[in-house]
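Each chain gets a letter, A, B and so on, in the order the sequences are listed, and its residues count up from 1.
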Amino acid sequence: MFGRSGEPAVVPASQEKQDKPTWRTAHREDSHCRPFRSSLFLLLLPAALHAQLALFSFDGSTDTPVGQTYNFGNVAAGDVKDVRFHLKNIGTTAVTNAVIGTPQGTGFSLFAVNGSRGQNTIAPGAELEFTIRFTTSLATLGTYSASLQLTSSAPTITVILLASVTGAPVITVFPACTAGSNGGVVFPSVAIGSVGLCNFSVQNQTSQPMTVTISVAGDPAFQAPPSISAPITLRPNDAFTFAIQFTPVCGTLNYGATLTVSGRSFPLAATGLTPPLPKPSLVFDSTKISSGEQHTITMSLPTPAVCGANGNLNLAFAGAADDRSIFFLAGSTRTLPFAVKAGDTQISINGASSATFQTGTTAGTITFSLSGTQINGDATTTLTVVPAPIAIETAAASNQRLGELDVQIVGFDNTYSAGAMSFTFFDTSGKAIGQPIAADFTSDFKTFYSGVTTGSTFLMRVSFPVQGDPTQVAKVQITLTNSAGQAQTGSLTFQ
Amino acid sequence: MRWLFIVGICAWAQVEQPRIGMMLDASGSARPVFGVSASVTLGDPVIADVVSLACARFCIAKTQDAIVTGSHSVAAPRGPAIFAFSEDAVYVYASGQLWRWRGGDLEALTLNITGEVLSMRVDGGSVEFAVRRDDGTWIVRDGNVAVESIPDATGPVFLLPHAILFAAGDEIVLRRADSTEMRFPVHADSFVRISTEYVQIRSGRSSYALRVASGREKLFLLPEAP
């Protein structure tokens with residue numbers, strides 16, 4: 001097949017081989033001049049260095065000298081091919097009025113000039129870059145040519161541009177895959193644990209049999225069927241369909257690969273979606289909790305985790321006062337990391353199978369929640385610590401100080417309303433001495449509680465001035481009252 | 001009967017934060033433990049680089065090279081120490097030597113004991129030692145006078161007034177003088193006396209407190225330092 005422009009004629013392959021690889025003069029050499037070429041070159045060399053231009057093709061890193069022709073090579077029908085060129089001033093004086101001409105021939109165009117599309121000045125050692133595009137969008141199969149002229153104050157350079165349009169299969173991608181902005185194919189997002197497919201068709205719309213090669217390279221999440229491992233021959237109007245499978249894996253969000261069909265590359269892109277963690281069960285060693293206790297929490301999943309996950313187990317407290325003694329014992333913190341491995345149902349908390357927490361000494365609600373990872377549902381669980389009468393840890397009575405009877409009580413009041421008390425004293429025969437003595441230390445407790453944030457634990461010392469023989473007072477029983485009820489010390493012996 | 005007035009209306013109260021003792025945290029700092037059983041918080045470190053600690057009426061600590069109590073410090077043989085409180089002194093066993101710490105001074109005492117000393121206590125004015133020998137674990141007095149054997153002890157031993165606390169496999173045993181005992185499912189690496197009523201049990205990364213007061217025994221986790 002011949003090019004359509006008709007001028008100049010397509011250069012036979014034998015003539016291409018005679019191209020001189022380096023810079024050359026603008027006039028075309030005829031074959032009968034060839035014997036003089038070497039000597040003429042040497043004689044003219046000093047003059048040629050003066051304002052001499054040379055043309056190179058540029059692949060992005062390397063300049064390659066261009067002879068009388070430049071061949072774009074085979075270009076698949078429907079494709080576009082750009083070639084960058086450098087017009088260099090290899091002389092010692094500036095070249096003026098340099099103009100990159102428009103290629104004269106079908107399919108070729110001056111796509112870009114890194115300078116003016118009009119006249120340019122090229123200083124000694126400088127270069128002018130331009131890009132010639134060959135587009136086959138409307139072309140039929142065959143060989144194409146065009147003439148490119150580079151005019152300037154230096155002798156004009158003329159180059160014959162060549163390109164061959166080859167038959168290409170028509171590739172179709174079916175929904176739900178879509179065309180990407182980069183000319184590739186975008187797979188629909190696929191949840192990890194599932195498989196996505198893109199169906200393709202490769203069709204020979206030419207009148208000649210066509211051999212097609214198909215390959216997929218890149219991320220192994222994309223898998224091509226074994227049926228495309230060998231070249232496929234398509235008769236005219238025949239089509240071949242195949243599917244590329246996309247299987248995302250844990251830990252990767254975006255995937256990429258390249259589908260290559262008979263040398264034409266199509267980027268493949270896909271996104272893997274990590275499914276949310278199934279809603280964990282938060283299990284406690286006891287469903288009923290009270291102040292002044294330690295309990296454990298464990299977490300498990302109803303179904304195995306598809307992917308490993310990490311997050312935080314959080315504890316929050318709401319009550320009459322902030323109680324900083326309500327925390328996980330590990331690290332004295334209200335947040336612990338949790339983790340689950342892919343395929344597991346058991347969730348580790350801070351590297352252990354369970355976590356122990358204190359309920360503190362304040363009535364209210366302790367809420368456990370999860371954060372830091374996607375969860376399919378809300379696992380938040382709340383435990384209630386109900387108001388309770390004053391808890392007495394220890395109580396003691398002493399008559400060792402002269403003129404004083406001392407009572408010491410250690411305990412906590414999760415209502416923060418302590419203060420009202422009554423004291424019943426007993427003689428050595430066990431008889432009550434008079435009526436119980438009422439006392440109200442509410443203001444003392446309020447003052448104390450206003451300055452603490454670690455709960456309601458208290459050590460209370462009460463002293464009673466006495467007259468007479470204190471050894472006649474053998475025991476005391478104390479009733480402590482708060483908003484939740486009364487608590488008694490039992491009978492304390494003075495000692 | 002002599003007359004007696006209890007002037008209730010003049011009774012006065014003082015309320016403060018309770019404290020259960022002083023623990024040794026994982027980094028070697030002595031920290032006060034506030035609160036009540038199973039609901040405690042830790043205070044800031046008061047002594048750093050502690051290798052041994054014991055608290056009763058007061059706390060005494062051993063750093064690598066000194067014995068520290070309150071703001072007082074006395075140079076002492078390098079390494080850990082074992083303490084026992086008496087009425088008016090603290091006995092210190094360190095580097096194979098027995099000392100008596102009284103009034104801020106260390107007095108070296110002669111001692112004839114065979115075996116690895118695990119714990120000490122003062123009973124009736126005599127110092128008793130828990131020692132591990134090839135033939136088992138014993139409680140002895142100076143001169144290797146045997147008081148009692150602890151045949152089932154497999155790890156650390158701690159001598160309490162009228163009781164013994166020791167590790168038996170992955171349990172700890174609290175055995176009273178009347179031979180009654182309680183067992184707790186905790187593996188013990190070491191014991192630290194954190195107050196008269198509580199003993200710290202160090203177990204791997206965790207620490208427990210055991211309330212050893214008779215009739216009030218309770219085991220709970222101590223918080224890790226923040």
May I have the step-by-step check of side-chain contact (heavy atoms from CB on, under 4.5 Å) for A:Val410 and B:Val36, ending in yes or no?
-> CA-CA 8 Å; A:Val410 172; B:Val36 297; 3.7 Å; yes
For chain B, find its close neighbours in residues 481-495 of chain A: heavy-atom separation under 4.5 Å, sorted by number, or none.
-> none
Pair count under 4.5 Å, heavy atoms only, with chain B: among A:Gly360, A:Gly411, A:Gly331, A:Ala391, highest is A:Gly331
B:Arg102: salt bridge (charged side-chain N to carboxylate O under 4.0 Å, His left out) partners, not counting sequence neighbours | B:Asp88
Calculate, to the nearest 0.5 Å, the distance between atoms CG and CD1 belonging to A:Leu459 and B:Ile20 respectively.
-> 13.0 Å
Atom CZ in B:Phe220, atom OG1 in A:Thr356: separation rounded to 0.5 Å?
-> 13.0 Å
Does any non-hydrogen side-chain atom of B:Leu221 lie less than 4.5 Å from one of A:Gln358?
-> no
Where do A:Glu393 and B:Ser37 land on the side-chain hydrogen bond (donor to acceptor under 3.5 Å, both in side chains) test, with the steps shown first?
-> CA-CA 8 Å; A:Glu393 171 110 335; B:Ser37 297; 2.7 Å; yes
Honestly, the part of B:Arg19 sitting under 4.5 Å from a heavy atom of chain A is neither
More than 12 heavy atoms of other groups within 6.0 Å of B:Asp49 CG = no
For residues A:Thr457 and B:Gly35, report the shortest heavy-atom separation together with the two atoms involved.
-> OG1-CA, 3.9 Å
Of all the heavy-atom pairs spanning B:Arg216 and A:Ala395, show the shortest one and how long it is.
-> NH2-O, 4.4 Å
For atom NE2 of B:His72, is the number of surrounding heavy atoms from other residues, nucleotides or ligands below 6.0 Å larger than 12?
-> yes
Neighbour count above 12 (heavy atom, 6.0 Å) for B:Arg57 CZ | yes
Which answer fits A:Phe458, side chain, backbone, both or neither, if we ask what part of it has an atom under 4.5 Å from a heavy atom of chain B?
-> both
Please determine which of A:Thr361, A:Ile326, A:Thr359, A:Asn414 meets the side chain to side chain contact (heavy atoms under 4.5 Å, CB included) test together with B:Ser39.
-> A:Thr361
Could you tell me which of A:Ala330, A:Ser456, A:Gly434, A:Gly455 has the largest number of non-hydrogen atom pairs under 4.5 Å with chain B?
-> A:Ala330
Is it the side chain or the backbone of A:Phe327 that comes within 4.5 Å of chain B heavy atoms, both, or neither?
-> side chain
Interatomic distance, A:Gln294 atom CD to B:Tyr208 atom OH [nearest 0.5 angstrom] = 9.5 Å
With sequence neighbours left out, write down each residue that passes side-chain contact (heavy atoms from CB on, under 4.5 Å) with A:Asp285, or none if nothing qualifies.
-> A:His295, A:Thr296
Nearest-0.5 Å distance, CG of residue B:Leu42 to OG of residue A:Ser325 = 11.5 Å
Members of residues 441-454 of chain A whose heavy atoms come closer than 4.5 Å to chain B | A:Phe441, A:Asp444, A:Phe445, A:Phe448, A:Thr454
